[in-house]
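Below: the structure, in structure tokens.
The sequence lines fix the lettering, A, B, ..., with proteins before strands; numbering per chain opens at 1.
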Amino acid sequence: MTGAAGTPALEVEGLCKSFRAVRALDRVALSLHYGRVTALLGDNGAGKSTLVKCISGVYAPDAGTVRVDGTVQAVASPEAARALGIETVHQTLAVIDPLDVVENLFLNREHTRGGRFGAWLGVLDKKRMRVESGEILSRLDIRIPSLRRSMSALSGGQRQAVAIGRAAAWGQQIVLLDEPAAALGVEQAARVLDLIRSLRDAGVAVLLITHNMDRVTDCCDRAVVLRQGRKTAEVDVGEVTKDDLVAYITGARTGDLGP
Amino acid sequence: MTDDSAAAGRVLPGADQWLARRRQDAGLRQYVVYMAAALIFGLFAVILRDDGFLTASNLLNIGRQAAPIAVMAVGMAFALAAAEIDLSVGSVAALSSLAAAEAVGSYGFVAGAAVALAVGAGIGLVNGVIAVKVRIPSFLVTLGMLGIVSGIARNLNNLQSLPIRNDAFLAVFGAGSVGPVSSLLIWTVVVGVIGHLVLHQLRWGRHVLSVGADRSAAAALGINTDRIRVTALMTSAAAASFAGVLLAGRLAIGRHDLGENLLLTVIAAVVIGGTNLFGGRASVAGAIAGSVVMAMLNNGLILMGLRVADQLIARGVIIILAVALSMREQKET
């Protein structure tokens with residue numbers, strides 16, 4: 001896809017983040033590649049969500065660099081991250097309940113009409129957004145009963161699908177998923193995994209936080225393990241067993257820290 | 001209870017779903033305010049038929065009283081939609097009436113309105129910036145501002161009312177009319193239409209709702225939540241100023257207490273109209289209908305011959321009841 005062959009889509013080095021006395025991230029390195037799914041594993045409090053929030057501009061890291069396509073970037077805000085092609089599905093999904101599906105898909109990415117004046121005023125082009133929403137959802141094979149439904153009327157799986165659909169629609173390069181299939185039924189979780197695979201097949205670099213080892217072996221290429229804010233292992237998923245992964249997470253084993 | 005509804009669901013398959021969809025799509029809450037308006041109107045029409053409730057001049061009077069409430073309510077709807085609240089609107093209206101009266105005397109009627117609006121927007125800006133930057137809930141910031149602005153208004157002209165003698169100002173913002181339609185009514189409709197369009201057709205309106213519904217989610221999507229909250233508070237204060245202009249136009253004076261006691265009335269009008277007191281949902285049309293309800297109540301209680309003290313008590317009870325009802329309806333969805 002974009003970028004020179006072999007250049008990581010996203011490369012994080014020496015990332016540190018502390019909250020008062022707590023060191024949430026300690027010199028963490030991570031790289032994501034186009035067309036590959038990287039699992040980010042670790043026990044509760046290991047720093048996974050903090051890492052995602054540092055990359056997506058929610059938190060400002062204390063130290064460290066973030067490279068996108070090999071260029072150092074300051075991801076100072078969520079808006080800056082989105083401008084760099086980094087889309088995030090947070091644990092909380094960040095969907096707005098009283099707004100409908102179309103409005104959520106296009107939130108802060110609205111099309112306007114009425115030329116330059118309309119754009120300045122922010123006159124919404126609702127028809128165009130509705131048409132494009134239909135296209136986005138059908139491309140990703142996401143089925144929602146009605147685009148005009150407010151999010152609060154959707155099931156948990158549908159809400160999750162909309163959140164992932166939004167990330168997929170705008171994240172042409174990098175998509176970060178913080179436990180996107182938590183609290184979902186078996187069938188819905190399977191559909192989320194299908195979505196992740198189709199993102200990968202479209203050449204997107206995906207980071208997936210999960211506690212479910214089946215999902216790691218099902219659809220991830222590489223796994224990075226955090227423990228108490230440090231990276232303790234980085235392995236090819238094909239070369240390890242689920243038990244190995246659990247051992248890395250619990251700290252029973254420390255592994256290859258990768259290149 | 002639950003057994004009954006389950007049984008009903010079996011007898012009429014799909015009835016529950018249908019009901020749920022009706023609630024979701026149309027939302028009974030949207031109609032509560034219109035039903036209330038019709039009910040109160042009908043009630044007063046019967047009870048007060050001999051006291052002149054239904055006369056043309058009384059109905060016109062209700063409309064004139066509703067106008068400043070409605071204009072403030074539309075602004076307040078945006079503040080509430082953003083999960084903020086503006087308690088300073090009454091005092092802002094009063095100060096603006098004085099500012100308008102002062103400026104009209106020196107610079108003409110356009111300047112009068114412009115200065116008043118600038119005063120309101122400026123106070124809203126201060127409210128918003130303090131709330132956002134110092135991280136004080138707007139509830140407290142605007143409560144403090146209520147006192148400050150009231151004090152300034154009292155100092156400005158030593159508690160005296162300031163007469164307005166500019167005919168153009170009085171015609172455009174007060175007693176004038178276009179054909180049979182009072183200019184106050186026209187302004188109410190103009191503000192309502194603009195408010196409705198801003199809420200539904202502009203990006204800013206959707207962002208206000210988003211920030212009010214879930215501030216951290218809106219921030220995670222890159223929305224500048226500080227800017228939205230400040231501009232929402234500026235909107236409520238600017239609307240309050242315009243209400244002050246209309247009050248000044250109607251009474252042909254600026255005075256330190258014009259509209260000062262409207263705060264509770266305005267909040268009640270907005271909430272009865274279907275706007276969520278805690279953000280994320282707003283209705284401009286409902287806010288205006290709620291204002292008409294409140295104006296009818298005021299008018300009816302006076303026609304009933306209640307003493308001022310009893311009016312206060314009756315109005316307080318009715319407001320609590322009405323808001324409780326409309327909030328119960330909101331929680332169900």
Side-chain angles (χ1 to χ4, degrees), chain A residues 52-53 56-59 75-84 86-100 102-114 118-126 129 145-146 148-154 159 163 166-167 170 176 178, chain B residues 16-27 29-30 77 80-83 194 196-228 231 235 274-283 286 330-333:
Chain A
V52 164
K53 284 178 176 165
S56 60
V58 176
Y59 292 157
V75 190
S77 67
E79 188 52 40
R82 293 187 83 182
L84 289 167
I86 304 172
E87 285 286 328
T88 312
V89 178
H90 293 281
Q91 239 167 336
T92 53
L93 298 183
V95 294
I96 306 294
D97 276 335
L99 299 192
D100 69 20
V102 176
E103 290 170 330
N104 267 281
L105 283 173
F106 280 88
L107 197 58
N108 212 22
R109 286 289 180 276
E110 296 89 351
H111 290 311
T112 57
R113 63 191 164 87
W120 177 79
L121 213 56
V123 181
L124 299 172
D125 190 344
K126 292 189 170 183
M129 290 192 279
S146 161
R148 308 293 294 271
R149 279 287 173 87
S150 72
M151 292 302 291
S152 53
L154 300 184
R159 292 159 60 83
R166 176 173 60 199
W170 303 111
L176 315 173
D178 193 347
Chain B
D16 287 349
Q17 267 184 323
W18 180 84
L19 209 65
R21 205 173 316 130
R22 294 291 306 168
R23 284 232 179 86
Q24 152 62 24
D25 290 341
R29 74 191 126 76
Q30 287 188 9
L80 294 183
I194 291 175
H196 185 84
L197 289 176
V198 167
L199 183 63
H200 290 278
Q201 300 297 332
L202 295 193
R203 176 168 45 208
W204 183 76
R206 301 286 95 186
H207 286 193
V208 167
L209 285 177
S210 304
V211 170
D214 189 337
R215 196 193 300 169
S216 62
L221 291 166
I223 292 176
N224 185 339
T225 59
D226 287 356
R227 193 178 68 88
I228 295 292
T231 47
T235 303
T275 295
N276 191 327
L277 195 46
F278 308 107
R281 185 184 292 133
S283 166
Q330 285 174 19
K331 272 181 211 146
E332 279 177 18
T333 51

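Under the rule for a side-chain hydrogen bond (donor to acceptor under 3.5 Å, both in side chains), Ser146(A) has no partner lying at least two apart in sequence or in another chain. Shown here are the side chain to side chain contact (heavy atoms under 4.5 Å, CB included) partners of Asp100(A), two or more places apart in sequence or in another chain: Val102(A), Glu103(A), Arg148(A).
Going from atom CZ of Arg281(B) over to atom CG of Leu99(A) covers 11.0 Å, rounded to the nearest 0.5 Å.
Remark: side-chain polar atoms of Arg109(A) are not paired, donor with acceptor, to backbone N or O of Trp170(A) under 3.5 angstrom. Using a distance-only test at 3.5 Å, with no hydrogens or angles considered, no donor-acceptor pair links the side chain of Asn104(A) to the main chain of Val95(A).
By the 30° and 60° cut-offs, the orientation of the rings of Phe106(A) relative to His111(A) is tilted.
For a residue to count as touching a neighbouring chain, one of its non-hydrogen atoms must lie under 4.5 Å from one of that chain's; by this rule Ile96(A) touches chain B with the side chain only. Proximity to chain B (any heavy atom under 4.5 Å) is restricted, for Arg166(A), to the side chain, taken from C-beta onward. For Ala119(A), the part lying under 4.5 angstrom from a heavy atom of chain B is the backbone only. For a residue to count as touching a neighbouring chain, one of its non-hydrogen atoms must lie under 4.5 Å from one of that chain's; by this rule Thr88(A) does not touch chain B.
Looking only at heavy-atom pairs under 4.5 Å with chain B, the residue among Leu107(A), Asp125(A), Asp97(A) that has the most is Leu107(A). Note on Ser210(B), Ala220(B), Ser216(B), Ala213(B): by heavy-atom pairs under 4.5 Å with chain A, the leading option is Ser210(B). Ranked by heavy-atom pairs under 4.5 Å with chain B, the first of His90(A), Glu87(A), Glu110(A), Lys53(A) is Glu110(A).
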